[in-house]
Colleague: 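To start, I am sharing the structure in question, which I have written as structure tokens.
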Amino acid sequence: MCVLNLSPLKILYIEDNLGDRIILEESLSSSVDIDALQHCVTLKEGFDLIQKGDFDLILLDLSLPDSHGVENVKLLNEKIGSSIPIIVFTGLNDSKVAMKALKFGAQDFLVKGDYNLLLLSKAIQYAIERHKVQHELVLKSNMLNRAESMADIGSWEIDLKNNQVKLSNGMKRLLHLDPNSDLISIQEFLKFILAEDKNSILNTLSVTEKVPLATAIELKFVRKNGEVFHSLCKIELASTATNNLVHGVTLDVSYQKEVEEVKEAFTLQLTNKVKERTQELENTKRKLENSLSKEKELGELKSRFVSTASHQFRTPLTVIQSNIGLLEMQIGAREKELMPFFDKVTNRIKNEVRRMTEIMDDVLILGKINSGGIHPVFRSTDILELCTSIVDKHNEIQEDGRIALIKVMGENRRVEMDKNLFKDAFSNMLSNAFKYSIGKPAPEVTLTFEQKSFNLEVKDFGIGIPEDDLMNLFTPFFRASNVLDVPGNGLGTAIMKEYFEINKGRVKVESVINQGTTINVRFKLKENE
Amino acid sequence: MNKILLVEDDSAIRETLNDILELSGYTVTTAKNGKEGFDKIFEFEPEMVICDVNMPVLSGYELLSTINQEMSPESLPSFIFLTAKADVLDIRKGMKLGADDYVTKPFDHDELLRIIKERLEKRESLSTSNKKPSSPDSK
């Protein structure tokens, strides 16, 4: 006879009938360590023992002093949370009671007097194993429910053959259905999907039937309360030989969808903003380009106007001047006594013609400078010789006989220079120095040759330039407020500065009113000069 | 009397100058542009040309360079440009082309007459010495 060894098991036997107890203990004694078999009489005592002990199995009689019938199973299981397998002993061979006991969670039932050791030990072993499996199943199911709930996931299974859809707890929760609700038909299931998406799932189902590959689709479900939620579903054919099954998992993505929509709206807004700004920038750029080209056009127009006007004015001036000459020739020959008066008048006219001519000459030069029409020719120049000849020329024409002297510091060297521009600029400098210092000592010219530079300085002891006027000294047509009736058109210094700058000189002015002005021009020299 | 050709496109200047030169005793012919001036040089054979720079059809520069090519050096008339002082950089161009002098507009009639006289005297002395190649003074 095959006897199973149940010795490591701890069994609780709840039984009030002594006779039944003895029979059982005898039956088990050969395979169970009798010390491991504990016994009590009432359900209450059973509860207490279970609290303390660590039992593998409970053998339960249905008729106890404090409780009676199949309710015992229910009460006990509720108390212990179905943590220990229960085998029911009953004196009644009543299949109805037995079935009810099983429904309440008993693993098996044995009829008193109708078992042997083999049957009993098998029942015990199976009960333990079955309970273990069931318990694990419950744990896993709980775990699944928890996972589904935490992940906003639901799963379902469509039985195409039997027109049934099984919904997981998670799916029921997503649809706001009662967790205890039963199977539904495919048609009922489709009612939970938004009308516009129905074709989408039907197509997927028909494709899935043929291709057993997981397909992902987006579906909008309608909850029992009418609320719609976005979901991502994965659908897969899981047919067996007998069943045509489709498994599906549904992930509620309403929140993500909402976030995405907000993000999309934001991105769209941002994109529009960027587009707007880009357009604005482009407009600004175009405006800028327009105004730039207009300004350039205007500049060209200006320089063309200056040049044309200057040339055109010259013609009438030439006619006026030469006709005065003609008059002089005629009158001079015939009316000797009128000549002094005639000379006075013609000289006034001639002077004004000259003044106007000078203005136009200077304006023309400035116009040329501004439009880049000056093309300097740099040649090695004996600067001392050049300066001396210019100073001599100015000394000669001073009516008060003043003579400017040149002081040379360092060793004279040849310098790369546009001679004509330098000559004009230096002449202007010198002529101003004389012009604005009438009655004062003559101006002093100093040439300083250093290793990398050459300095030209003209110092006068004249009326000086008011501090407020210094910054405008080189502005065309500007004349200082203290020039009084010294003639000039305010263009000379502007041209002087431009000419020196073309020759790579930097002009610096220092002046104290009524003490004099010093203009210093510094030219940087190349090493080999 | 010396013959002067006046080439100038502005009629007022042309007529005034014509009067001044005639009053000073010169024989004057005028032309309105370089092209007309070119024809008159061969027709009139002046000793001197007084010529504006900016003119329609043919400019003063073009006229000078054309006669430089067309005429033998000894038959070339003296050439004086009438120009604007502000074009001092352009004046060099005229002098390089072989002009004898330039007068800036507007000009003083005394100045102009002085330049003309000096130029003609210089020319006279040159041609006199040229005409006596076998003179015992020349070597």
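A, B, ... follow the sequence lines: proteins, then strands. Residue 1 opens every chain. The shown structure was predicted, so the numbers you read here are calculated from the model rather than taken from an experiment. Just the heavy atoms: all of them, side chains too, but no hydrogens, waters or symmetry mates, feed the values below.
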Colleague: How about K350(A) and Q321(A): do any of their side-chain heavy atoms sit closer than 4.5 Å?
Modeller: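 Yes; the side chains approach each other to less than 4.5 Å.
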Colleague: Do R355(A) and E358(A) sit within salt-bridge range, that is, some charged N less than 4.0 Å from a carboxylate O?
Modeller: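 Looking at R355(A) and E358(A), the cut-off is not met.
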Colleague: Check D110(B) with R114(B), please: is the shortest side-chain N to carboxylate O separation under 4.0 Å?
Modeller: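 Here R114(B) does not pair with D110(B) in a salt bridge, since their nearest N and O are not under 4.0 Å apart.
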Colleague: For chain A, which residues of residues 4-14 of chain B have at least one non-hydrogen atom nearer than 4.5 Å to it?
Modeller: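 Listed by number: D10(B), A12(B), I13(B).
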Colleague: For each of L113(B), L17(B), D19(B), I20(B), tally heavy-atom pairs with chain A at distances under 4.5 Å, and name the one with the top tally.
Modeller: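 Maximum pair count with chain A is reached by I20(B).
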Colleague: Using the ring-ring contact (aromatic ring centres under 6.0 Å, His included) criterion, which residues pair with F38(B)? Sequence neighbours excluded.
Modeller: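 ring-ring contact (aromatic ring centres under 6.0 Å, His included) check on F38(B) returns F42(B).
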Colleague: Where does L82(B) contact chain A at under 4.5 Å (heavy atoms): side chain, backbone, both or neither?
Modeller: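 Neither part, no heavy atoms under 4.5 Å.
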Colleague: So that I know where these two stand, are F426(A) and Y499(A) an aromatic pair - ring centroids less than 6.0 Å apart?
Modeller: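 No; Y499(A) has its ring centre 6.0 Å or more from that of F426(A).
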Colleague: Can you give me every donor-acceptor pair (side chain of residues 500-508 of chain A, partner residue at least two apart or in another chain, under 3.5 Å) with its distance?
Modeller:
residue : atom : partner : partner atom : Å
E501(A) : OE2  : K497(A) : NZ           : 3.1
N503(A) : OD1  : D418(A) : N            : 2.9
N503(A) : ND2  : D418(A) : O            : 3.2

Colleague: Can you list everything that forms a side chain to side chain contact (heavy atoms under 4.5 Å, CB included) with S78(B)? Sequence neighbours excluded, please.
Modeller: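 With sequence neighbours excluded, S78(B) shows a side chain to side chain contact (heavy atoms under 4.5 Å, CB included) to M48(B), D100(B), R123(B), given in chain and number order.
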